[in-house]
Amino acid sequence: MIAAALLGLCLGWTSGYPLLYEAPPERIDALLRDPHWTVLGVEEKLAALARLRIHTPYRIGCLGEGRDPDRDPLFRLDETDCTVLVVTSAALLHAGSLEEAEGAIRRIHYRGGQPSYENRYHFTLDRITASPFFEEITARAAPDSLLEGITVRLNRDSAGGRLLPIDWEREVTIRYLPARRMNRTVAARLPSACGIAFLRLANVPKGYLVAHEGILLDGDRLFHASSRAGRVVESPLFDYLENTGFDGLLFYRFL
C-alpha cells in the first residue's frame, strides 16, 4: 500500500508544483527532471500524477492528430476525458521533458508508433491487451471463481456495420470481474497504482465494451475524468460502483 508514500509525495516536494492543467511548460519540465521524481518507480510516479491531474477540465475527445479528420492536438494536459487522462499520464511516465512526453504519446496511443486516425487505439480493451505500454491483470487480482468471460468484436456492430469509419476490427475474448463481486480482498491484491476499466455489457452489440476508465490507488481511490463533474475528481471506488451501475471491471498495469 502506498497511502503514506502518496501523502508524502503530495504534501512534500510535489507541493512546489502547480496542477498540471494550469502549469506552464517549464514547470512541467522541471517536475520531470526533479531528482525526487527521477528515482520513483512507475507506481509511485503514477500516484503522484493522479494527484497532479486533479481538477483538469473535462472535454470528450480532446486528443487527435492535429489534422483531418481529428484536428485536436496529439498531446495536451489542459483538458482531458477518461482515456486521455490515462494515455497522457502514461506518456509522462516515460518522459524527461514535455517534448519527450509528446513523443511518447505516439508510441502509447498508436499502433506502430505512427499517428493517424486509423492507427489510434480507439478502444480501451484493444489498448490494454495489445499496447506494449499496458498489461491487463484482472485474473491476477481476482480468483477464477469470481470471473466471467465475454467475447466482443470491436468496431463491428450486431448488424455488421462499423462503429468508427476505419478499416479495422478485432475480436477479443476476456475474463472480467463482475462489479457486484468486487471486494476488499481483490482490492488488496491490486498494484498500489494501476488502471481500471468499467464495462457495460449492453455496449457489446454496438462493437465495444469499456464505458469508462481511470487510475486506481490503493484499491479504492479512483481518479477519473468525470463528465458529470466536468473535471478530474477523486472518488472512493466502492461508493462509485454503488452509484454508477457498471456491469464489470478490468484492471491493468502501466508498464
Is there a chain of hydrophobic side chains (I, L, V, M, F, W, Y, each step under 4.5 Å between heavy atoms) that links [X] to [Y]?
X	Y	value
Leu201	Phe251	no
Leu190	Leu255	no
Leu52	Leu216	no
Leu222	Val233	no
Leu63	Ile215	yes

- Assess whether salt bridge (charged side-chain N to carboxylate O under 4.0 Å, His left out) is satisfied between Arg27 and Asp34, documenting all intermediate values. CA-CA 10 Å; Arg27 294 299 291 152; Asp34 192 307; over 6 Å; no
For [X], does the [atom1] atom have more than 12 heavy-atom neighbours from other residues, nucleotides or ligands under 6.0 Å away?
X	atom1	result
Glu99	CD	no
Asn243	CG	yes
Ile60	CD1	no

[Y] side chain reached by [X] side chain, heavy atoms, under 4.5 Å:
X	Y	result
Leu249	Val186	no
Leu199	Leu250	yes
His224	Asp81	no
Leu20	Leu49	yes
Leu217	Ser192	no
Leu92	Lys45	no
Leu241	Met182	yes
Val42	Leu93	yes

- Item | Trace of the side-chain hydrogen bond (donor to acceptor under 3.5 Å, both in side chains) decision for Asp78 with Tyr21 | CA-CA 4 Å; Asp78 60 322; Tyr21 79 91; over 6 Å; no
Supply the atom-to-atom distance [X] [atom1] to [Y] [atom2], rounded to the nearest 0.5 angstrom.
X	Y	atom1	atom2	answer
Thr138	Tyr252	OG1	OH	10.5 Å
Ser226	His212	OG	NE2	6.5 Å
Asp144	Leu147	CG	CG	5.5 Å
Leu19	Leu77	CG	CG	11.5 Å
Leu154	Leu163	CG	CG	9.5 Å
Ser97	Arg33	OG	CZ	5.0 Å

Between [Y] and [X], does any NZ, NE, NH1 or NH2 come within less than 4.0 Å of an OD or OE carboxylate oxygen?
X	Y	value
Arg253	Glu43	no
Glu169	Arg162	yes
Asp72	Arg67	no
Asp157	Arg153	no

- Query: When the aromatic ring centroids of Tyr110 and Tyr121 are compared, is their separation below 6.0 Å?
  - Reply: no
- Task: Compute the ring centroids of His122 and Tyr117, then answer whether they are less than 6.0 Å apart.
- Result: yes
- Regarding Arg51 and the six-membered ring of Phe223, is the cationic atom NZ or CZ under 6.0 Å from the ring centre and inside 45° of its axis? no
- Quick one: is the NZ or CZ of Arg200 closer than 6.0 Å to the six-membered ring centre of Phe246, and within 45° of its axis? yes
Please answer whether the main-chain N or O of [Y] pairs with a side-chain N or O of [X] as donor and acceptor at a distance below 3.5 Å.
X	Y	answer
Glu100	Gly96	yes
Glu242	Asp239	no
Thr38	Pro35	yes
Asn155	Leu164	yes
Asp220	Phe238	yes
Ser131	Ile128	no
Asp29	Leu98	yes
Arg107	Gly112	no
Arg189	Ala142	no

Judged by modelled atom types alone, do [X] and [Y] share a side-chain donor-acceptor pair under 3.5 Å?
X	Y	answer
Thr83	Glu213	yes
Ser116	Gln114	no
Thr80	Arg231	no

- Query: Does the pair Thr88 and Arg76 meet the rule for a side-chain hydrogen bond (donor to acceptor under 3.5 Å, both in side chains), with working shown?
  - Reply: CA-CA 7 Å; Thr88 54; Arg76 71 189 314 160; over 6 Å; no
- Stepwise side chain to side chain contact (heavy atoms under 4.5 Å, CB included) test for Ile54 and Glu234: CA-CA 7 Å; Ile54 201 80; Glu234 178 185 358; 4.1 Å; yes
- Looking only at heavy atoms, which two atoms of Ala225 and Cys82 are closest? And how far apart? CB-N, 3.6 Å
- Should Val86 and Phe254 be marked as a side chain to side chain contact (heavy atoms under 4.5 Å, CB included) after you check the CA-CA gap, both sets of side-chain angles, and the distance that decides it? CA-CA 9 Å; Val86 168; Phe254 289 65; 3.8 Å; yes
- Message: Pair Phe134, Arg127 - check side chain to side chain contact (heavy atoms under 4.5 Å, CB included), show working.
- Response: CA-CA 7 Å; Phe134 302 93; Arg127 192 192 73 240; 3.5 Å; yes
- Arg71 and Glu65: salt bridge (charged side-chain N to carboxylate O under 4.0 Å, His left out), yes or no, with the steps? CA-CA 6 Å; Arg71 301 185 68 84; Glu65 291 74 48; over 6 Å; no
- Item | Selection residues 138-174 - residue pairs positive for ring pair (Phe, Tyr, Trp, His ring centres under 6.0 Å), sequence neighbours left out | Phe123-Trp168
- Query: Which residue pairs satisfy the ring pair (Phe, Tyr, Trp, His ring centres under 6.0 Å) criterion with at least one member in residues 73-96, sequence neighbours excluded?
  - Reply: His94-Phe133
- Quick one: list whatever passes side-chain contact (heavy atoms from CB on, under 4.5 Å) with Pro178, sequence neighbours left out. Glu148, Tyr176, Arg180, Arg181
- Mind running side chain to side chain contact (heavy atoms under 4.5 Å, CB included) on Glu102 and Leu74 for me, showing each step along the way? CA-CA 7 Å; Glu102 292 172 348; Leu74 195 68; over 6 Å; no
